[in-house]
Amino acid sequence: MEWTGIFAEAYGYAEFLKRHATQEQQTRWQAVYERVTLSAAQQELLRGFVREMHVLCVTGAWCGDCVNQCPILARIGEQNPKIAVRFLDRDAVPAAQDALLMNAGRRVPAVAFLSEDDEECGRYGDRTLAAYRQMAADRLGPACPTGIVPPGPELLAAVTAEWIGQFERNQLMLRLSKRLREKYAD
């Protein structure tokens, strides 16, 4: 997949919500955004990233899973100017969503971790393991959260930690990349 043009078409967090979310949806996203906190250790980890990374999140303002996770991605991106997080509406560029199919479906949020020159490093999304565990414990079956009730503090912290782990995994991949180490002579 050629990600450069698609990443360029995506929006920052506030602009994405302005363009794609109703006022009610914006309120839901903001409620989660305000509750996302990063520990001092998490902030230090993220601020220590030295490689530029592009993070493309294909999402939907209407999606409960996106309401509960995308504000976390925005908060992570705020920690370091080397982390560029952009959001793309699921239906805006069908080719992007098709490239990120999960279990043969258009699941959101779907995240592509990219290098500074938009080479794909990894993918993650739909729901974190912590979210799936909570769903299984609560419902023991398939469900789609509405985003009306934000996740509790323990689940929000666990999901945040899992997302930070994905950012760290991809940063380390970029940091140890032979191609990029040769480029930067480090």
Side-chain angles (χ1 to χ4, degrees), residues 1-13 16 36 38-39 41-60 63 65-135 155-184 186:
M1 181 71 188
E2 170 51 47
W3 291 113
T4 301
I6 293 170
F7 188 79
E9 288 182 43
Y11 300 102
Y13 183 75
F16 169 79
V36 175
L38 304 179
S39 71
Q42 290 171 328
Q43 291 175 32
E44 183 180 351
L45 171 75
L46 294 166
R47 289 178 184 149
F49 287 8
V50 297
R51 291 277 191 260
E52 183 178 334
M53 59 191 307
H54 295 170
V55 181
L56 177 67
C57 179
V58 178
T59 186
C63 168
D65 288 317
C66 300
V67 170
N68 292 331
Q69 295 182 75
C70 294
I72 296 169
L73 305 181
R75 287 284 194 200
I76 291 170
E78 292 168 358
Q79 301 304 307
N80 187 326
K82 298 276 187 188
I83 305 170
V85 180
R86 308 280 292 187
F87 298 87
L88 182 69
D89 183 73
R90 181 191 78 172
D91 299 322
V93 182
Q97 182 62 59
D98 289 345
L100 296 172
L101 290 177
M102 287 180 236
N103 195 24
R106 291 180 155 214
R107 316 269 319 235
V108 289
V111 176
F113 288 91
L114 310 168
S115 65
E116 64 192 43
D117 54 357
D118 298 317
E119 290 295 326
E120 187 173 332
C121 298
R123 298 175 182 198
Y124 195 65
D126 172 47
R127 295 182 180 113
T128 64
L129 179 57
Y132 270 117
R133 284 179 176 155
Q134 186 67 52
M135 284 178 65
L155 179 58
L156 185 60
V159 171
T160 299
E162 285 188 48
W163 275 111
I164 288 172
Q166 289 301 313
F167 275 73
E168 180 183 15
R169 176 186 173 275
N170 285 280
Q171 177 61 202
L172 290 172
M173 180 186 301
L174 293 170
R175 187 68 179 94
L176 296 168
S177 162
K178 180 180 180 193
R179 172 179 71 90
L180 294 173
R181 290 194 75 188
E182 287 174 357
K183 179 178 180 177
Y184 293 105
D186 64 358

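- Side-chain atoms of E119 and L114, non-hydrogen and from C-beta on, never get closer than 4.5 Å to each other.
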Next item on the list: Take I76 and V85 through the test side-chain contact (heavy atoms from CB on, under 4.5 Å) and record every step on the way to the result.
Entry: CA-CA 8 Å; I76 291 170; V85 180; 5.7 Å; no
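- Contact annotation: the side chain of R106 approaches that of D98 to within less than 4.5 Å [non-hydrogen atoms, C-beta and beyond].
- Residues Q97 and V108 form a side-chain contact, since some pair of their non-hydrogen atoms from C-beta on lies under 4.5 Å apart.
- W163 has its side chain within reach of L73: a pair of non-hydrogen atoms, C-beta onward, lies under 4.5 Å apart.
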Item checked: CA sep, side-chain torsions, deciding dist, call: D117, K183, salt bridge (charged side-chain N to carboxylate O under 4.0 Å, His left out) -> CA-CA 12 Å; D117 54 357; K183 179 178 180 177; 5.5 Å; no
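- Distance check: L176 CG to L180 CG gives 10.5 Å after rounding to the nearest 0.5 Å.
- Nearest approach of Y13 to P71, heavy atoms of both residues: OH-CG, 3.5 Å.
- The distance from the CD atom of Q166 to the SG atom of C121 is 12.0 Å, given to the nearest 0.5 Å.
- The nearest pair of heavy atoms linking A112 to W3 is CB-CZ2, 4.3 Å.
- Side-chain contact of Q171 with R175: a donor-acceptor pair under 3.5 Å is absent, judged by distance alone.
- L38 is listed as a side-chain neighbour of T160, based on a closest heavy-atom distance under 4.5 Å.
- The side-chain heavy atoms of S115 and S177, taken from C-beta on, include no pair separated by under 4.5 Å.
- E2 places no side-chain N or O within 3.5 Å of a backbone atom of D118 that could act as its donor or acceptor partner.
- Considering CD of E120 and CZ of F113, their distance stands at 10.5 Å, rounded to 0.5 Å.
- Heavy atoms only, all atoms of each residue included: G122 and N170 are closest at N-OD1, 3.4 Å.
- Applying the salt bridge (Lys or Arg N to Asp or Glu O under 4.0 Å) definition to pairs two or more places apart or across chains, those involving residues 77-92 are R75-E78.
- The CE atom of M53 sits 11.5 Å away from atom CD of E116, with the distance rounded to the nearest 0.5 Å.
- Pairing each heavy atom of L56 with each of F7, the nearest pair is CB-CD1, 4.1 Å.
- E44 CD: 12 or fewer foreign heavy atoms inside a 6.0 Å radius.
- Using a 4.5 Å cut-off on side-chain heavy atoms (C-beta onward), V159 and Q134 make no contact.
- Taking a 6.0 Å sphere around CZ of R47, one finds it holds more than 12 heavy atoms contributed by other residues, nucleotides or ligands.
- For M102 against A110, the heavy-atom pair with the smallest separation is CE-CB, 3.4 Å.
- A heavy-atom distance below 4.5 Å is found between the side chains of D186 and R51.
- If you run side chain to side chain contact (heavy atoms under 4.5 Å, CB included) between F167 and each of I83, L45, V111, only I83 comes through.
- Of the possible donor and acceptor atoms, one in the side chain of N80 sits under 3.5 Å from a partner among the backbone N and O of F49.
- Scanning all heavy atoms of the two residues, the minimum distance from D65 to D126 falls at CB-O, 4.2 Å.
- Atom OH of Y11 and atom OG1 of T59 lie 14.0 Å apart (nearest 0.5 Å).
- With E162 contributing its side chain and L129 its backbone, the two residues share a donor-acceptor pair below 3.5 Å.
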